[in-house]
Amino acid sequence: QVRLVESGGGSVQAGGSLRLTCTASRYRDTLRCLGWFRQSPGKEREGVAAVFRDDGTTYYSDSVKGRFAISEDMAENTMYLQMNNLKPEDTAMYYCAIRTYCVTATAALGARDYDYWGQGTQVTVST
């Protein structure tokens, strides 16, 4: 069973930056699509960034495009989410997730078909 653990969340002021890390154990190389999601109280889980390892294609939600960057080093079983110019509306619990493949933005940023999830790390952005 693949296990994912997020870290790096915290509290920052608007305009600040955070880097989230997701560490995988028992990772299988057949799992080619890596994603980051977030969820605020009362809202649905939202896909914010994903990468398809086969060709390096990245996907971002419109709300974070240009501010967030996903990267991975699965040789070290690790993926990252660099978050810059944070806004109060970025406040949420952030989750990493992995699935077999994703060749469209809908698949990459849709939570439904991801196979493995971490427990989340809280990000709070204040004004």
Side-chain angles (χ1 to χ4, degrees):
Q1 183 81 354
V2 176
R3 182 169 177 257
L4 304 176
V5 178
E6 303 93 339
S7 61
S11 297
V12 295
Q13 289 191 323
S17 298
L18 284 173
R19 188 193 198 201
L20 304 184
T21 300
C22 175
T23 302
S25 58
R26 302 189 190 94
Y27 173 75
R28 302 193 302 272
D29 205 46
T30 53
L31 299 167
R32 309 299 295 172
C33 185
L34 317 176
W36 286 95
F37 294 78
R38 67 185 181 188
Q39 190 168 20
S40 304
K43 293 187 177 182
E44 290 189 359
R45 191 164 294 191
E46 173 194 15
V48 296
V51 58
F52 183 43
R53 297 191 64 213
D54 279 18
D55 58 10
T57 300
T58 55
Y59 303 90
Y60 295 96
S61 66
D62 289 342
S63 59
V64 307
K65 200 171 294 183
R67 300 188 297 122
F68 290 14
I70 187 170
S71 60
E72 56 92 359
D73 183 1
M74 294 315 288
E76 298 295 329
N77 293 332
T78 307
M79 56 191 280
Y80 306 95
L81 184 67
Q82 178 67 42
M83 306 186 295
N84 299 324
N85 190 21
L86 282 160
K87 304 176 180 181
E89 51 264 43
D90 295 318
T91 295
M93 185 73 78
Y94 282 73
Y95 302 88
C96 61
I98 297 179
R99 59 177 290 182
T100 305
Y101 67 92
C102 52
V103 294
T104 67
T106 300
L109 298 179
R112 187 183 66 179
D113 292 323
Y114 275 79
D115 299 300
Y116 301 100
W117 292 84
Q119 293 300 306
T121 185
Q122 178 68 37
V123 171
T124 303
V125 185
S126 59
T127 55

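Side-chain contact annotation: S61 with S63, donor-acceptor N/O pair under 3.5 Å present. Under 3.5 Å, the side chains of R45 and Y114 contain no donor-acceptor pair of N or O atoms.
With rounding to the nearest 0.5 Å, the separation of CG in L109 from CH2 in W36 is 14.5 Å. If you take OG1 on T100 and CG on D115, they are separated by 5.0 Å, rounding to the nearest 0.5 Å. The distance from the CD atom of Q82 to the CG atom of L20 is 8.5 Å, given to the nearest 0.5 Å. Note that SG of C22 and CD1 of I98 are 6.0 Å apart. Values are rounded to the nearest 0.5 Å.
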Notebook entry, point to check: side chain to side chain donor-acceptor pair (under 3.5 Å) between R26 and Y116: does it pass, once the steps are laid out?
Noted result: CA-CA 11 Å; R26 302 189 190 94; Y116 301 100; over 6 Å; no

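Between M79 and A97, the closest heavy-atom pair is CE-O, 4.4 Å. Between T78 and M74, the shortest heavy-atom contact is O-SD, 3.5 Å. Here the closest non-hydrogen pair linking V48 and V64 is O-CG2, 3.3 Å. Residues R67 and L86 come closest through the heavy atom pair NH1-CA, 3.9 Å. In terms of heavy atoms, L31 sits closest to R53 at O-CD, 4.5 Å. The nearest pair of heavy atoms linking T127 to A14 is CA-CB, 4.5 Å.
Placement of Y27 and L4 within a single hydrophobic cluster is found when ILVMFWY residues are connected by side-chain heavy-atom separations under 4.5 Å, directly or transitively. Hydrophobic cluster membership is shared by V51 and F68, with clusters built from Ile, Leu, Val, Met, Phe, Trp and Tyr side chains linked at under 4.5 angstrom.
Heavy-atom neighbours of Q122 CD from other residues, nucleotides or ligands within 6.0 Å: above the threshold of 12. More than 12 heavy atoms of other residues, nucleotides or ligands shown are found within 6.0 angstrom of CD on E89.
Here the side chain of E46 pairs no donor or acceptor atom with the backbone of R38 at under 3.5 angstrom. Within the 3.5 Å criterion, the main-chain N or O of A92 finds no donor-acceptor partner in the side chain of Q39. Remark: side-chain polar atoms of E6 are not paired, donor with acceptor, to backbone N or O of T121 under 3.5 angstrom.
Of the listed residues (Y94, Y59, W117), just one forms a ring-ring contact (aromatic ring centres under 6.0 Å, His included) with F37, and that residue is W117.
Salt bridge D90/K87: absent, no basic N to carboxylate O contact under 4.0 Å.
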